[in-house]
Amino acid sequence: MTMVEGVAVASRDSAPSIYLRSVSKAFGETIALSDVSLDLRAGEVHALLGENGAGKTTLMKVLYGLTQPDSGQIEADGVKLKIASPRDARAAGIGMVTQHFSLVKNMTVVENIALATAKTLKVDLTNVREQIVAASRRYGLEVPPDAVISALPIALQQRVEILKALMSGCSYLILDEPTAVLGPQDVDALLDVVKRLRDDAGIGIVLISHKMAEIEKVADRVSVLRRGKVVSSSAAKGITSKELITLMVGQQELARIERKNKPDAKTKEVLLLNSVSVTREQGGLKSVSFSVGHGEILGVAGVSGNGQSELVNVLSGTLAIDSGSIAVSGTQIATNTPKALMLAGVGILGEDRHASAVHALQVVENLVLDCIEKFSSKLQLRRKKMLEHCESAIKEFEIKAQPKQAFGTLSGGNMQKVLLVRLFSRKPLVAIISQPTRGLDVMATKYVRSLIDQASQDGTAVVLVSEDLDEILELADRIAVMYRGEVIGVVDGASATRESIGALMAGITK
């Protein structure tokens, strides 16, 4: 083992190549993987692409021991590996940063990383803290070491996961959409980390990403999965983004959404925030004011950690306001509780899709969780009606799932479709939607954006919180930019540019 800025990693010579041979996996009637073979090499970045539901994450979960294959095997230079759990994977030198975090929410950053890296029961937390500070600075992934995980926004929780994996020591590192929750200024720094770990430490890295720019910057090889099968595996050099998209979906990328005539937002103000403030030790809101009209999409942009999460929590009723007011259709909300906001006509889709559903429940059950009264009578569920509703939604919205399939087995894109259908089927007056396409592939992203656009065409007022500037610029009628808990500027979506929004995100108002 060698050390790179306090991170223990295996040397290039000590890391054997890993081979996945004829791996297959099915979840009920859904075939996730079909006879998949793949090889991973030390000292290279192997990008794994495919639509949501193509089998990328399932394949890597097999490699990391989170999922057991129905058939196939894993080898390291001809020696068969038995990986029945993440512990087995780590013992084989394999680490993974998953999309669904594995952090202990009521512990601090230091305690979480100590749990993952400690070799004995006696742990020097001061030493661990020093290593975290050094690694954070080295990799540009700053986190407050003594903060409790539950107090951190999702972007910082992701940074903790990345640091935890880097500091654990591994020969191979699986990164499942690692930049999905990072702000633009952090992405390049992380990609530099990937390059250094590959070039200086000889780590083999599997990068699952839907962002073609990332693939072009760091990938040495690219493998594409479609419907559970490998359809291409080649050197990354020389292959274009259009070619990769065609391999992923079997057709060219969908055209940009064409905005249609919409209701006149100025004629009917639906949501009004007036000087809303929330005081917190880490972050908060400072006299936030804005309005959203009938059928309008108000984009909320900003670098992660500048108050967007707090704003969403306020509008979902999970964070009380200290001062100011919220009104829906001219009626002021006395207290911003979840029940009061829901009764006023506010619907919510939070930034963490995993926290918005019950993974153990079926798709059909998750689809009606927030409108169960429509599918019950005298304390009994009308399951036939629920099933008909679910089957209709699956067909209409092209959800790749079975009604009785466990929600937790769906791909990210199909999870998001279920949650959006659940949200919009209630026909809310206002929809608060946070990071709707984070981690989704090209086709799923376009489809989700079209659902949001259609909801606004139908008259729903939408607050769209996103760190994806392209998404904001494509969908928003107006754009509010947050900086250090304040709305420092609101610009017209038609005239906004990446440069003008980027300047506001950096706190530059002139």
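The first residue in the sequence is number 1, and the count goes up from there.
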For the [atom1] atom of [X] and the [atom2] atom of [Y], what is their distance to the nearest 0.5 Å?
| X | Y | atom1 | atom2 | value |
| --- | --- | --- | --- | --- |
| Ile174 | Met60 | CD1 | CE | 5.5 Å |
| Ile297 | Leu464 | CD1 | CG | 7.0 Å |
| Phe27 | Gln402 | CZ | CD | 14.0 Å |
| Phe101 | Leu152 | CZ | CG | 10.5 Å |
| Ile433 | Leu423 | CD1 | CG | 5.5 Å |
| His389 | Lys374 | NE2 | NZ | 8.0 Å |

Give the minimum heavy-atom separation between [X] and [Y], together with the two atoms involved.
| X | Y | answer |
| --- | --- | --- |
| Ala114 | Leu125 | CB-CD2, 3.8 Å |
| Arg382 | Ser377 | CD-CB, 4.0 Å |
| Ala135 | Met167 | CB-SD, 4.3 Å |
| Cys390 | Val363 | SG-CG1, 4.0 Å |
| Ala165 | Leu173 | CB-CD1, 3.7 Å |
| Ala476 | Gly299 | CB-N, 3.6 Å |

Please determine if [X] and [Y] form a salt bridge, counting it only when a charged side-chain N lies under 4.0 Å from a carboxylate O.
| X | Y | result |
| --- | --- | --- |
| Lys217 | Asp192 | no |
| Lys446 | Glu474 | yes |
| Lys427 | Asp458 | no |
| Glu296 | Arg478 | yes |
| Arg383 | Glu365 | yes |

Hey, does [Y] have a side-chain heavy atom less than 4.5 Å from the side chain of [X]?
| X | Y | result |
| --- | --- | --- |
| Leu504 | Val491 | yes |
| Val148 | Met107 | no |
| Leu271 | Val463 | yes |
| Val270 | Val292 | no |
| Leu367 | Val421 | yes |
| Ile479 | Val490 | no |
| Thr460 | Val430 | no |
| Val314 | Leu285 | yes |

Next on the checklist: As a quick check of understanding, evaluate side chain to side chain contact (heavy atoms under 4.5 Å, CB included) for Val462 and Leu298, giving each step before the final call.
Outcome noted: CA-CA 6 Å; Val462 177; Leu298 177 74; over 6 Å; no

If we ignore angles and hydrogens, is there a donor and acceptor under 3.5 Å between the side chains of [X] and [Y]?
| X | Y | value |
| --- | --- | --- |
| Glu142 | Ser136 | no |
| Thr318 | Ser316 | yes |
| Ser277 | Asp322 | no |
| Ser434 | Gln308 | no |
| Ser102 | Glu161 | yes |
| Asp453 | Ser450 | no |

For [X] and [Y], indicate whether the former's side chain and the latter's backbone hold a donor-acceptor pair under 3.5 Å.
| X | Y | result |
| --- | --- | --- |
| Asn306 | Gly302 | no |
| Asn112 | Val104 | yes |
| His294 | Gly459 | yes |
| Asp468 | Gln435 | no |
| Gln416 | Pro436 | yes |
| Lys56 | Gly50 | yes |

Next on the checklist: Working note: Thr57 + Asp176, criterion side-chain hydrogen bond (donor to acceptor under 3.5 Å, both in side chains); need CA distance, chi angles, decisive distance, verdict.
Outcome noted: CA-CA 7 Å; Thr57 298; Asp176 193 354; 3.0 Å; yes

Next on the checklist: Run Leu156 and Arg159 through side chain to side chain contact (heavy atoms under 4.5 Å, CB included) and show every step you take.
Outcome noted: CA-CA 5 Å; Leu156 292 186; Arg159 293 181 190 180; 3.3 Å; yes

Next on the checklist: Evaluate Leu420 against Tyr447 for side chain to side chain contact (heavy atoms under 4.5 Å, CB included), listing each step before the verdict.
Outcome noted: CA-CA 11 Å; Leu420 281 168; Tyr447 193 83; over 6 Å; no

Counting only heavy atoms not in [X], do more than 12 sit closer than 6.0 Å to its [atom1] atom?
| X | atom1 | value |
| --- | --- | --- |
| Gln380 | CD | no |
| Lys164 | NZ | yes |
| Lys404 | NZ | no |

Item to check | Step-by-step side chain to side chain contact (heavy atoms under 4.5 Å, CB included) determination, Ile333 to Val328 | outcome: CA-CA 7 Å; Ile333 307 296; Val328 178; 4.3 Å; yes

Item to check | Quiz item: cation-pi between Lys417 and Phe397, 6.0 Å / 45° | outcome: no

